[in-house]
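Below: the structure, in structure tokens.
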Amino acid sequence: MEQLLLLIFLPLVGAIITAFAGKSAKIVSTVISVASLGLALFIACNFIPNASTQFEANLPWIADLGIRFHAGIDGISMLVVLLTNLLIPIIILSSYKHDYKNPSAFYALILFMQTGLLLVFTAMDAFLFYIGWEAALIPIYFICAFWGGKDRIRINMKFFVYTIAGSLFMLMGIIYLYLQNPAHNFDIQAFYALNLDSAQQGWIFWAFFIAFAIKMPIFPFHTWQPDTYTAAPTQGTMLLSGIMLKMGIYGVIRWLLPIVPAGVQDWSCLAMVLSIIGIVYASLIAFTQKDAKRLVAYSSIAHVGLISAGIFASFNLGNLGVQGIQGAMVQMLSHGINVVGLFFVLDIIFSRTKTNKIEELGGIAKSAPQLAIVFLIIVLGTVALPGTNGFIGEFLLLMGVYNYEIWAAAIAGLTIIFGAVYMLRMYQNVMLGKTNELTITFTDIQGTEKLVLYIICALIIILGVYPKPLLHLTEASVQHLLEQVNQKLTSVK
């Protein structure tokens, strides 16, 4: 219990310290984030990969309303807890070449957001889950509003309205479940045990699904994403794409599937269709992008669409869907690592050339061979080349979709084909060819740039060559979750 409480609240304490650290904020936040990573690795090393919830904290909070500070870690949450604590120090290190105004506030907000994310990924109480969900939104809103680019206020307001609207739908669903619970508490197991009819499960499905779909995002709830990713400061974009969108995917697996399986069964076909439309739509739009950052933003929508389609397809396979859900978990981790690497490379290019326009670049590999090599590794991981981290997750997801419906797998598989085309074409236009007046004096990566990119590339290769620990970590928990889902479906019938 003490380890989990420390893991959750260390970044919050660090945020308070960082807020008053002045010019030392960058160093203080780095130390706190690395300490959090060390603690997460300690918990992972002592984690037993079975279906149980471990390091559990269950403390009274608002007793009159049945609200408890109930948090814990199982195989599903362990993976995203590791992702969060891994990416935060990488994101902070990636900012070392920037001189942000009011750095103490900037880095304090990142650490504050880390606490909100960890609450979401460990909450065993629906009220605590909602608090974490909102707590993660507040800092990213201010990061984008204060340090974003052109037209950031209008774009940020659209993002805020979208996410708040989704959160309100989810809150209504949580309150309804609370009122149906004879124990009058928000405990996740009590919600799992509720005996709701198909009609009740149907509308609760939409209350939760809209909130999660906006966060991921999937079509047609995605329209806030490309503008926000482009206007946000690079570290804000990394937080949004690398970690925050995983809140939606995690929410589907942890809360949606086991609470309202009949609702999911009734509407999963539509959810899959929306996900697959998003894959094709985002990929086609990515082909037309002239701005590299927007191209990566649309590619993210396509990849998340495949994760979503794989989850809903695997749900319909019953116990045979374990590998598909595991694929979604592994792909969450892989996508987070890869997309942070992509946005960091584009940030390095922008810092030296002041442009992300693909047509204005070219020939960078001649003067920056190390950047060209690491960028290629990240691109190959993104397009799921066998031997990279992106392959195993997408393979398992496509296998799940294929086992459900072959035509769906054929269309969903286009994300790999299209992704390879537009990502490699971008790489060719940016890194190869002739140099021009913007790129002829381009300097290679150095210092913290090397450190961040080498870490990312090492993870891409190691996880691609040896993914077994990740699959072993999640297997028992995913199996147990699907067994609960199937038992509840049987009782509803």
Pairing donors with acceptors under 3.5 angstrom, does anything connect the side chains of [X] and [Y]?
X: Ser314; Y: Gln323; result: no
X: Ser94; Y: Gln235; result: yes
X: His98; Y: Asp347; result: yes
X: Gln331; Y: Asn389; result: no

Return all side-chain donor-acceptor pairs below 3.5 angstrom for residues 253-262, not counting sequence neighbours, or 'none' if the list is empty.
unit_1: Arg254; atom_1: NE; unit_2: Tyr250; atom_2: OH; d: 2.9
unit_1: Arg254; atom_1: NH1; unit_2: Asp74; atom_2: OD2; d: 3.0
unit_1: Arg254; atom_1: NH2; unit_2: Asp74; atom_2: OD1; d: 2.5
unit_1: Arg254; atom_1: NH2; unit_2: Asp74; atom_2: OD2; d: 3.1
unit_1: Arg254; atom_1: NH2; unit_2: Tyr250; atom_2: OH; d: 3.4

[X] versus [Y], closest heavy-atom pair with distance:
X: Asp266; Y: Ser198; result: OD2-CB, 4.2 Å
X: Thr382; Y: Glu394; result: O-OE2, 4.4 Å
X: Ile143; Y: Gly236; result: CG2-CA, 4.1 Å
X: Tyr107; Y: Lys26; result: OH-CE, 3.2 Å
X: Leu128; Y: Ala71; result: CD2-CB, 4.4 Å
X: Ala57; Y: Leu4; result: N-CD2, 4.4 Å

Results of ring-ring contact (aromatic ring centres under 6.0 Å, His included) for Tyr176 - residues two or more places apart only: Trp203

All ring-ring contact (aromatic ring centres under 6.0 Å, His included) counterparts of Phe47, not counting sequence neighbours: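 Phe47 satisfies ring-ring contact (aromatic ring centres under 6.0 Å, His included) with no residue once adjacent residues are dropped.
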
[X] vs [Y] side-chain heavy atoms within contact, under 4.5 Å:
X: Ile67; Y: Asn185; result: no
X: Gln180; Y: Leu177; result: no
X: Ile140; Y: Cys144; result: yes
X: Phe69; Y: Ile62; result: no
X: Trp61; Y: Ile131; result: yes
X: Leu5; Y: Leu59; result: yes
X: His303; Y: Asn338; result: no
X: Ile243; Y: Gln114; result: no

Ile164/Glu134 under side chain to side chain contact (heavy atoms under 4.5 Å, CB included): CA gap, chis, key distance, verdict: CA-CA 8 Å; Ile164 283 292; Glu134 295 301 298; 3.5 Å; yes

Audit row: Asp187, His70, side chain to side chain contact (heavy atoms under 4.5 Å, CB included) steps and yes/no: CA-CA 8 Å; Asp187 188 76; His70 187 189; 2.9 Å; yes

Trace of the ring pair (Phe, Tyr, Trp, His ring centres under 6.0 Å) decision for Phe209 with Trp267: CA-CA 10 Å; Phe209 177 72; Trp267 294 104; 9.7 Å; no

Aromatic ring pairing Phe129/Trp133, orientation class (parallel under 30°, perpendicular over 60°, tilted between): tilted

Geometric class of the Phe142/Phe146 ring pair [parallel <30°, tilted 30-60°, perpendicular >60°]: tilted

For Asp227, all residues meeting salt bridge (charged side-chain N to carboxylate O under 4.0 Å, His left out), sequence neighbours excluded: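 Scan of Asp227 (salt bridge (charged side-chain N to carboxylate O under 4.0 Å, His left out), adjacent residues dropped) gives Arg294.
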
Test log, rule ring pair (Phe, Tyr, Trp, His ring centres under 6.0 Å), inputs Phe312 and Phe212: CA-CA 13 Å; Phe312 287 108; Phe212 298 150; over 10 Å; no

Side chain to side chain contact (heavy atoms under 4.5 Å, CB included) evaluation trace for Thr474 with Ile76: CA-CA 6 Å; Thr474 59; Ile76 296 171; 5.5 Å; no

Test log, rule side chain to side chain contact (heavy atoms under 4.5 Å, CB included), inputs Met272 and Val401: CA-CA 9 Å; Met272 277 192 63; Val401 178; 4.3 Å; yes

Output side-chain donor-acceptor pairs under 3.5 Å for residues 33-42, partner residues at least two apart or in another chain, one line each.
unit_1: Ser33; atom_1: OG; unit_2: Ser29; atom_2: O; d: 3.1
unit_1: Ser33; atom_1: OG; unit_2: Thr30; atom_2: O; d: 2.9
unit_1: Ser36; atom_1: OG; unit_2: Ile32; atom_2: O; d: 3.1

side-chain contact (heavy atoms from CB on, under 4.5 Å) partners for Thr163, two or more places apart: Leu137, Phe159, Ile214, Lys215

Atom pair OG1 (Thr223) and CD1 (Ile301), whose distance is rounded to the nearest 0.5 Å: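 It comes to 9.0 Å.
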
